[in-house]
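Scroll down for the structure; my scribbles are underneath it.
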Amino acid sequence: MNVKTRSRSVVVLFLLMFTFVLTMQPLSAQDEVTEFVFAHSGPIRTMDAPVTWFSSTHWLTNGLYDCLIWRAADGNGYVGQAAERWENVDDLTWRFYLREGLTFQNGEVLDAEAVKWNLDRVRTREDFLVYPQWQFIADVIVVDPLTVEVKTVNPHPYFEYDVSYNGCQLLPPDYMAEVGEEEFARSPIGSGPYKLVEFTESDRYVFEAWDGYWAGPPAVDRVIYQVIPEQSAQVAALLAGQVDMIPAVPASDRALLEGAEGVSVVNETSNRITSFYLRVETETGAVAETYPDFVPATVDNNVRLAISRALDRSLLAEVQGSATPRLARVCDYYPEGSVGDIADPDFISAWYNPEMARSLLAEAGFADGAGPTIYMDAPAFQFGNEKEVAEIAAAMLEEVGFNVELNVLDSSAYSEQITSGGNNRDMMLTTLGCAPSLVPSFYRCDWVQANYNVCVDDWDALGGQILTTVDPTARLDLWGQWWDTYLNYAQTITLYEIDSVIAYNSAEFEFTPRKDGWFTFRDLLPVS
Amino acid sequence: MQGLVVRRLLHMAITLFVVSLVVFFMVRLRGDPISVMAPPTFSEEQVARLREAWGFDKPLIEQYVLFITKAITGDFGQSIQARRPAMELVFERLGNTYLLASAAAILGVVIALPLGILSAVKRNSLIDLISSAFASLGNAMPNFWLGLMLIIIFSVNLRILPAFGALEPAAIIMPAVTLAVGTAARLSRITRSSMLEVLNQDYIRTAYSKGLSDRRVLYQHALRNALIPIVTVFGLQLGWLLGGSVIVESVFSWPGLGRLMIESINVRDITVVQAGLLWFALSFLVINFVIDLLYVYLDPRIHYR
C-alpha cells in the first residue's frame with residue numbers, strides 16, 4: 001500500500017467514523033429517558049392497593065391505578081380519570097360516564113362491569129381496612145358498558161371525596177380471577193399512566209410510562225420508588241444526587257437542604273391534624289372490665305376544658321417544627337375547617353388562657369394548684385417531635401395545676417396502647433387525617449371505639465344531619481354549630497395542622513405540592 | 001464423627017422447637033397485630049371482625065399448634081401486610097443478608113489476622129500501638145454512626161459510592177466495611193493475645209532452636225494452635241454480623257432480612273417476624289455446628305462425647 005492509498009484509507013475511515021458519530025447523536029438523544037427517584041421511609045404494604053389505607057402504599061400505587069375520579073391537584077374540585085364525566089342524578093344516585101376504549105395495561109377492557117366489580121369488592125370485603133369507608137354505597141348498577149350508577153345509603157354530601165379516596169383504585173377483574181389475589185400482589189396490573197416493571201417488596205419499585213394511557217404517556221418516562229428507612233440517609237442520598245425527592249425533611253436538615261445547589265424545599269399542608277383525645281366515659285370497651293372502679297379526671301367537662309385552655313398551640317406548633325396552630329379537627333383547606341372564626345389566628349391565640357384554665361379547675365373541685373393527675377400517652381415519633389410536644393404540653397398543664405404522668409412509647413407500642421381498650425389512660429396524643437367526610441361519624445353514639453367513646457345526644461343528631469345534608473350552605477351552618485360543641489365538650493383537643501416539608505431536585509424537575517397532602521408521580525414535569 | 005453430627009442435628013431440632021415457642025409467644029407479648037393494622041378510628045366491632053378474619057381470636061395454644069403444624073411443612077402463613085407467603089418474603093431478602101455478612105466476615109478476617117499476628121510478633125512496637133488504637137476505635141464506634149459518616153464522605157462529598165440499595169457491586173463496600181470494623185477489632189485483639197500465649201510455649205522455642213524460619217514457626221506451629229480461640233470468637237462474630245446487619249441494612253437501605261425484620265416488627269407483621277426469626281435462629285445453629293466441626297479438624301485431640 002503506497003502513501004497515497006494509505007492517506008485515502010485514513011480519510012475514508014475518518015469520514016466513516018464521523019458519519020457514525022453523526023448518526024449516533026440523534027439516536028442517543030432520542031433514547032434519553034427521564035428518570036425520577038423518590039425516596040420514602042416505607043414500609044409498603046401490598047400492591048393490591050384497595051386492601052389498605054396507608055398513605056405510603058397509596059402514594060406508590062397511585063400512578064399504577066386509575067380511579068373513577070380523583071381530587072384536583074389545586075384543591076378545586078375533582079377531575080375525571082376512568083370517568084369522563086359524572087352527575088348527581090338524585091339525592092341517592094350518582095351516575096358515571098366512562099371514557100370510551102379504556103383498557104387495563106394487559107389489554108383487558110375497563111368498562112362498567114369492571115367498575116362494579118371493584119366497588120362491590122371494597123364495600124363487601126370485611127377483611128379490607130378500607131371496608132368501613134365504603135359503607136355509604138347501597139348498590140352499584142351497570143346501566144350500559146360505559147355507564148354505571150352508584151346508589152348511596154343516604155344522601156351523601158361527601159360522595160365525590162369518598163369515591164376518590166383509598167379503595168377507589170380500579171383493578172382488572174378477569175386478570176384477578178385468573179391469577180388470584182396472592183399472585184396479583186406479585187404482578188399487579190392497573191389502568192394508570194405507569195406500569196410496574198420490577199419490584200422488591202418494600203424496597204424498590206420501578207415504573208415505566210404506559211403508552212396506552214387514555215391521556216397519553218406521562219411526562220417522566222421512568223419513576224423509581226425507593227424505600228430508605230433512615231431520614232438522614234434520605235437526606236444524604238438527595239445531596240449525593242442519587243434520589244430526586246424526599247417527602248419529609250427533618251427539621252434539623254432543612255437549612256442544609258435549602259442551601260444545597262439544585263435542591264428546592266417546599267411546604268404544603270400534609271392534611272394531618274394532631275390532637276389530644278380524652279377519655280370521657282368508662283362504660284364501654286374493655287376498660288370497664290379491666291378497671292371497673294376507674295374514674296378518670298377527664299370525665300369532668302370542666303377538667304377537659306381546663307386542659308384545652310391551658311395549651312399554647314402556637315408554641316406547640318413551633319416545637320413540632322412545621323405546623324400551624326389549629327382548633328378544628330378539619331384542615332382549613334376545606335370550607336368546613338374554617339367556618340366562622342374557628343380558623344381565625346386571633347381566635348386560636350385567645351383560646352389559650354391559663355387563668356381560665358385555673359378557674360375551670362377550681363370549678364371542678366381542684367383549686368389552689370392541687371389539680372388532678374392526668375395519665376398522658378404519646379408516641380416518641382410519628383410525624384415530628386411528638387415526644388417534645390408532649391413534654392411541653394405536660395409542662396403547660398402542670399403550670400395551671402395538673403399533675404401529669406407522661407408515658408412516651410415507641411410507635412408500634414403506642415398504636416397498641418391506643419387501640420386496646422383495657423387501659424387507664426386519660427389522654428393520648430395522636431395525628432389523623434383532617435378531611436371532613438368522616439369526622440362527625442367518630443363522635444356519634446353508634447361509633448363504639450375500643451377507647452375514647454363519645455355519645456352526646458344533641459351532637460350526635462347534629463353529626464347525622466351534617467352527613468346527610470347535600471346543600472353546601474346549609475351544611476356549613478350545621479358545621480358552625482358542630483364546632484361549638486366540639487370546642488366546649490373538649491373530648492378532642494386539636495393542637496395543630498402539620499405541613500409536609502418536601503425537598504426535591506429542582507435542577508431537573510418541576511414540582512408543585514398538591515393541596516390534598518398527597519404525592520403522585522402524575523404531577524411531575526421535567527425542567528424544560 | 002457420625003455420632004457427633006447426629007447428636008448435633010438432634011440438638012438443633014430441639015433448639016429450633018424451643019425457639020419457635022419463644023418466638024411465637026414473644027411476638028404476641030408485644031401486643032395484638034390487629035391493633036397496629038387497624039386505624040385508630042375503627043370501631044370495636046370492626047377490629048373484632050378483622051381479628052377473626054386473621055385467626056387472632058383463637059386461643060393462643062390453638063394458634064401455636066396451627067402455626068407449628070404448618071411451619072413443619074414450610075408454610076409460615078401469609079404476611080398480614082404484603083398478603084404474600086411470609087417465607088417467600090424472607091427468602092427474597094436472605095441472599096442479600098448472607099452476602100453482606102459474608103463480605104464483612106471475610107473483610108474482618110483479612111484485616112484482623114495479619115494485624116493481630118503482627119502486633120503479637122512485634123509487641124509494644126508502633127504497629128502494636130496502631131492495632132490497639134484500631135481495636136479500641138472499632139469497638140467504640142456505633143455502626144450506625146460509622147455508616148452515616150461513610151455515606152457523608154464517599155457518597156455526598158466524594159460521590160464515588162452509592163448511598164443506598166444493592167443495585168451495583170460497589171454498593172456493598174460501605175455496609176460491609178461498617179459491619180467489618182467491629183469484627184476486625186475484636187478478632188485482632190483475640191488473635192494477638194492468643195498468638196502471644198502460643199509464642200511463649202516451649203515447643204515454639206524448640207522450633208526456633210531447630211533452625212526453622214520465622215515464617216514456618218509462625219504459620220505452621222504457632223498460628224494453628226492459636227486458632228481455636230480465634231475460631232470461637234469468629235463463630236460468635238458471624239452471629240453478631242447477622243444480628244448487626246439489622247441496623248446496617250437500615251442505614252444503607254440494603255434490602256436484606258434485617259431491614260425486613262425491623263419493618264415487620266414496626267408494623268407488627270408477625271407472620272414475617274416469626275419466619276425471619278426462625279431463619280436467623282437456624283443460621284446461628286448451623287454456624288455453631290460448623291464451628292464445632294472445625295474444632296475437631298483444628299485439634300484432633302478434641303472429642304465430643
Side-chain angles (χ1 to χ4, degrees), chain A residues 39 42-48 51-54 126-127 129 131-132 181-182 185-186 200-204 226-230 232-237 239-243 277 284-286 410-413 415-421 428 430 432 438 441-442 446-451 453, chain B residues 30-47 49-50 52-54 78-85 88-89 92-93 96 144 147-148 151-152 154-157 159 161-167 249-255 259-260 262-269:
Chain A
I44 305 304
R45 269 66 180 194
T46 169
M47 297 305 288
D48 185 353
V51 168
T52 187
W53 65 288
F54 291 102
E126 294 189 356
D127 58 327
L129 292 176
Y131 167 80
E181 287 184 355
E182 194 176 299
R186 287 189 201 105
T200 312
E201 192 83 45
S202 202
D203 176 51
R204 181 180 166 85
Q226 176 70 47
V227 177
I228 301 181
E230 292 291 324
S232 45
Q234 288 181 15
V235 171
L239 288 172
Q242 293 168 14
V243 303
Y277 289 77
T284 54
D410 85 84
S411 60
S412 60
S415 300
E416 158 70 13
Q417 177 83 323
I418 62 172
T419 43
S420 69
M428 64 169 184
T430 202
L432 293 170
L438 272 177
S441 308
F442 304 146
D446 61 354
W447 195 276
V448 181
Q449 296 179 55
N451 228 331
N453 300 309
Chain B
R30 281 209 72 215
D32 175 9
I34 298 301
S35 63
V36 173
M37 200 172 160
T41 47
F42 257 36
S43 72
E44 234 177 1
E45 190 191 342
Q46 287 156 357
V47 172
R49 208 180 288 135
L50 261 185
E52 194 185 332
W54 284 95
Q78 218 188 27
S79 155
I80 295 170
Q81 303 293 349
R83 302 207 168 210
R84 291 171 53 199
E88 187 178 302
L89 298 180
E92 263 181 18
R93 301 290 191 98
N96 282 328
F144 67 87
L148 287 173
I151 290 176
I152 289 168
F154 293 101
S155 298
V156 178
N157 291 329
R159 297 199 171 207
L161 289 174
F164 62 85
L167 295 170
E249 285 178 6
S250 288
V251 171
F252 291 98
S253 300
W254 183 262
R259 215 183 93 195
L260 179 71
I262 292 227
E263 289 170 359
S264 303
I265 288 167
N266 282 340
V267 297
R268 216 161 292 169
D269 196 344

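Throughout, protein chains are lettered first and strands after them, A, B, ... in sequence-line order, and every chain is numbered starting at 1.
- Contacts of A:Gln234 with chain B are absent, with no heavy-atom separation under 4.5 Å from either backbone or side chain.
- Between B:Arg159 atom CZ and A:Leu239 atom CG the span is 8.0 Å, to the nearest 0.5 Å.
- Contact of B:Arg83 with chain A is made through backbone and side chain together, with heavy-atom distances under 4.5 Å.
- When all heavy atoms of B:Ala82 and A:Ala185 are compared, the closest pair comes out as O-CB, 4.0 Å.
- Looking at B:Ile151, only its side chain comes within 4.5 Å of chain A, counting heavy atoms on both sides.
- When heavy atoms are compared at a cutoff of 4.5 Å, B:Gln78 approaches chain A solely by way of its side chain, counted from C-beta outward.
- A 6.0 Å sphere centred on CD of B:Glu52 holds no more than 12 heavy atoms belonging to other residues, nucleotides or ligands.
- Among the candidates A:Met47, A:Arg186, A:Glu230, the residue making the largest number of heavy-atom pairs closer than 4.5 Å to chain B is A:Arg186.
- For B:Arg84, the side chain to side chain donor-acceptor pair (under 3.5 Å) criterion is met by A:Glu201, B:Glu88, B:Glu92, not counting sequence neighbours.
- Only the side chain of B:Leu167 comes within less than 4.5 Å of a heavy atom of chain A; its backbone N, CA, C and O stay farther away.
- One N or O on the side chain of A:Gln242 and one on the backbone of B:Leu161 form a donor-acceptor pair closer than 3.5 Å.
- The two residues A:Pro229 and B:Ser253 have their closest heavy-atom pair at CD-OG, 3.4 Å.
- The shortest heavy-atom contact between B:Ser155 and A:Ala240 is O-CB, 3.3 Å.
- Using a cut-off of 4.0 Å between Lys/Arg side-chain N and Asp/Glu carboxylate O, A:Asp203 and B:Arg93 are scored as not salt-bridged.
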